[in-house]
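Report on the structure given below.
Reminder, nothing fancy here: chain letters follow the sequence lines and each chain counts from 1. Everything numeric here is computed off the predicted structure, so don't read it as measured data.
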Amino acid sequence: MLDLKFIRENIEVVKNGIALKRAEDNIDAILALDNQRRTLIGEGEGLKAKRNDVSAKVGQMKKAGENADAVIEEMNSVKMRIQQIDEELKGVEEKLEELMLTVPNVPHPSVPVGTTPDDNTSIFEWGEKPVSDVPLKPHWDITSALGIIDFDRGSKVSGAGFPFYVGKAATLQRALINFFLDQASEHGYKELQAPIVVNKDSARGTGQIPDKEDMMYVATRDELYLIPTAEVPVTNFHRKETFEEKDLPIKYAGYTPCFRREAGSYGKDVRGLNRLHQFDKVELVKFVHPSTSYDELESLRTDAERLLQLLGLPYRVLLMCTGDMGFTQTKKYDLEVWAAGQQKWLEVSSCSNFEAFQARRMNIKFKSKETGKQEFVHTLNGSGLALPRIVAAIIEHYQTPEGKVIVPKVLQPYTRFSVID
RNA sequence: GGAGAGGUGUCUGAGUGGUUGAAAGAGCCAGUCUCGAAAACUGGAAUAGUCGCAAGGCUAUCGAGGGUUCGAAUCCCUCCCUCUCCGCCA
């Protein structure tokens, strides 16, 4: 959510941002409601001041043994008017809040203008794509031959998109989780094991509600949401808190399963491990001083990239254009790993700066030494990394002509085997 | 799940429905004292909204939301959370 005052004072900037993100422009309606709101507040507060004043007098009169009935009678009409105004104000504020939630975050000036994924800029590419005389196989062929991922039984037990990892694939997955978490703590991220269901306030805090409500599984009986990413519980960890400036930046790494309904994406890229309803992910989250958030975004990206480099997997970095960026971000990089068997890029990380957008929704602040005031922190997050697609990339990249898979060197201490066969 | 107790400012902890934004103590910041520090003393210190060029004013906030009242931290209702006991259980 943007700051209403900021909107009021930067109408053109906000409108421009909305256009760049191709969102609905409700700014004029917002400004009108804001005016209405402030008028009502003005009138209401005047009356409340009067009420407080008179009530104090009534107290004194009663103490002095005087009769206050006339004054009380007079206050009855004031009281009713206050009630009217408060009610009207509540209605206006509800409408205003609703519209405020439709205003996307304003893209950073460094973000290229564009409308579709084709307008995203590939800014960096790393690694050698493997070349082979025989065509490389997609991972699903390899895993089914090896019997290490069981999609059919997953469908039986839960449904499409909920595979079992069997034997060495399960171990590989576990190894990756530990490897990612170890790397994260080595670079200053505190490990956090988070709840994987959250309440409504938390879902709203990070912006899944209302704009991405369809993506989540909901336990309606208890009004709990299965998290689509650890970003939700980890960022909400500090909801309604104020940091000391000297404690910033604060960095967390959280491993969780993630649940996504993926409604509407059937048929798109859904083979094998490419798109699942449940998957594992290590997420990196930062709470930072506003003045450093773009530097922190770069270092976050570096932290994610390093993992791919250590695994020896070719990847590229995309700077997302204004139109393909999410609602809540000001700047976002996607990391895509090369899936050698499928001959395509798979997104495995998305590193974003939200500036104060989430912090404002969640009321996460720090006390500024400079101004003595409380200011909103900036929040960032990025995957480090999403597991199934990494497993897919490893299997496809490190496959042998015999249909085995070599385990990347850095993972071998974790798996304690060097070949999947 | 059942029964009970409770949720007040950074913390501890007062608070009979009427100058209570809220006692007191601790802690924090500044000053006095000191060569310096401690102690002592003095003073300061919440957040948000709104009006104002500003100084500052006003409004709201004692778990959350409603209600009663001229007036609510204080009374009533609903919900949330914490603690104790019981039950169930990895």
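Comparing B:C33 with B:U47, their P atoms sit 31 Å apart, to the nearest whole Å. Comparing B:G7 with B:A14, their P atoms are spaced 9 Å from each other, to the whole Å. Distance check on atom C1': B:A72 versus B:G21 gives 15 Å, rounded to whole Å. Atom name C1', nucleotides B:U8 and B:G2: the rounded distance is 30 Å, in whole Å. B:G17 and B:A5 are spaced 25 Å apart, taking the C1' atom of each and rounding to whole Å. To the nearest whole angstrom, the two P atoms, one in B:G65 and one in B:U74, are 13 Å apart. Comparing the P positions of B:A73 and B:U68 gives a spacing of 16 Å, expressed to the nearest Å. Separating the C1' atom of B:G4 from that of B:U10 is a span of 31 Å, rounded to the nearest Å.
Within a heavy-atom distance below 4.0 Å of RNA chain B, the residues of residues 27-38 of chain A found are A:Arg37, A:Arg38.
The pairing partner recorded for B:C29 is B:G43, the criterion being a Watson-Crick or G-U wobble arrangement whose two distances lie under 3.5 angstrom. When both distances must be under 3.5 Å, the Watson-Crick or G-U wobble mate of B:U59 is B:A48. With both pairing distances under 3.5 Å, B:C35 is matched to nothing as a Watson-Crick or G-U wobble pair. Base pairing annotation: B:U82 forms a Watson-Crick or G-U wobble pair with B:A5, both donor-acceptor distances under 3.5 Å. In this entry B:U16 has no Watson-Crick or G-U wobble partner, no candidate having both defining distances under 3.5 Å. As the counterpart of B:C88, no nucleotide is assigned, since no Watson-Crick or G-U wobble pattern has both distances under 3.5 Å.
Residue whose closest nucleotide on RNA chain B sits further toward the 5' end, between A:Ile72 and A:Lys365: A:Lys365. When each of A:Val54 and A:Arg8 is assigned the nucleotide of RNA chain B bearing its nearest heavy atom, the one mapping closer to the 5' terminus is A:Arg8.
At a threshold of 4.0 angstrom between heavy atoms, the contacts of A:Lys57 with the nucleic acid are absent. Contact annotation for A:Glu73: no contact, since no heavy-atom pair falls under 4.0 Å across all strands. At the heavy-atom level, A:Val58 lies under 4.0 Å from base atoms of the strands shown. Residue contacts for A:Lys50: at a heavy-atom cut-off of 4.0 Å it reaches no nucleic acid atom on any strand shown. Note on A:Ala56: nothing from the nucleic acid sits closer than 4.0 angstrom, heavy atoms only. Residue contacts for A:Arg81: at a heavy-atom cut-off of 4.0 Å it reaches no nucleic acid atom on any strand shown.
For A:Gln399 (side chain) and A:Glu396 (main-chain N/O), a donor-acceptor pair under 3.5 Å exists by modelled atom type.
In this structure, A:Trp345 and A:Trp338 have perpendicular ring planes: the angle between them is above 60°, well past the 30° mark.
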Show me the donor-acceptor pairs, under 3.5 Å and distance only, between side chains in residues 152-160 of chain A and residues at least two apart or in other chains.
unit_1: A:Arg153; atom_1: NH1; unit_2: A:Asp150; atom_2: OD2; d: 2.7
unit_1: A:Ser155; atom_1: OG; unit_2: A:Phe151; atom_2: O; d: 3.1

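Annotation: cation-pi geometry not satisfied between A:Lys190 and A:Tyr252 (NZ/CZ under 6.0 angstrom from ring centroid, within 45° of ring axis). A cation-pi arrangement is present between A:Lys168 and A:Phe417 under the rule of less than 6.0 angstrom and at most 45 degrees off the ring axis.
A:Thr235 approaches A:Phe287 most closely through the heavy-atom pair O-CZ, 3.6 Å.
Using a cut-off of 4.0 Å between Lys/Arg side-chain N and Asp/Glu carboxylate O, A:Lys90 and A:Asp86 are scored as not salt-bridged. Using a cutoff of 4.0 Å between basic side-chain nitrogens and carboxylate oxygens, A:Asp34 and A:Lys5 are not scored as salt-bridged. A salt bridge is defined here as a Lys NZ or Arg NE, NH1 or NH2 lying under 4.0 Å from an Asp or Glu carboxylate O, and A:Glu298 with A:Arg301 meets this definition.
Boundaries of the chain A contact region on RNA chain B are B:G18 to B:G71, first to last in 5' to 3' order (nucleotide atom under 4.0 Å from a heavy atom).
Side-chain contact, A:Gln358 with A:Thr379: a donor N or O sits under 3.5 Å from an acceptor N or O.
Of the options A:Lys286, A:Lys251, A:His378, A:His289, a side-chain hydrogen bond (donor to acceptor under 3.5 Å, both in side chains) to A:Glu296 is made by A:Lys286 and by none of the others.
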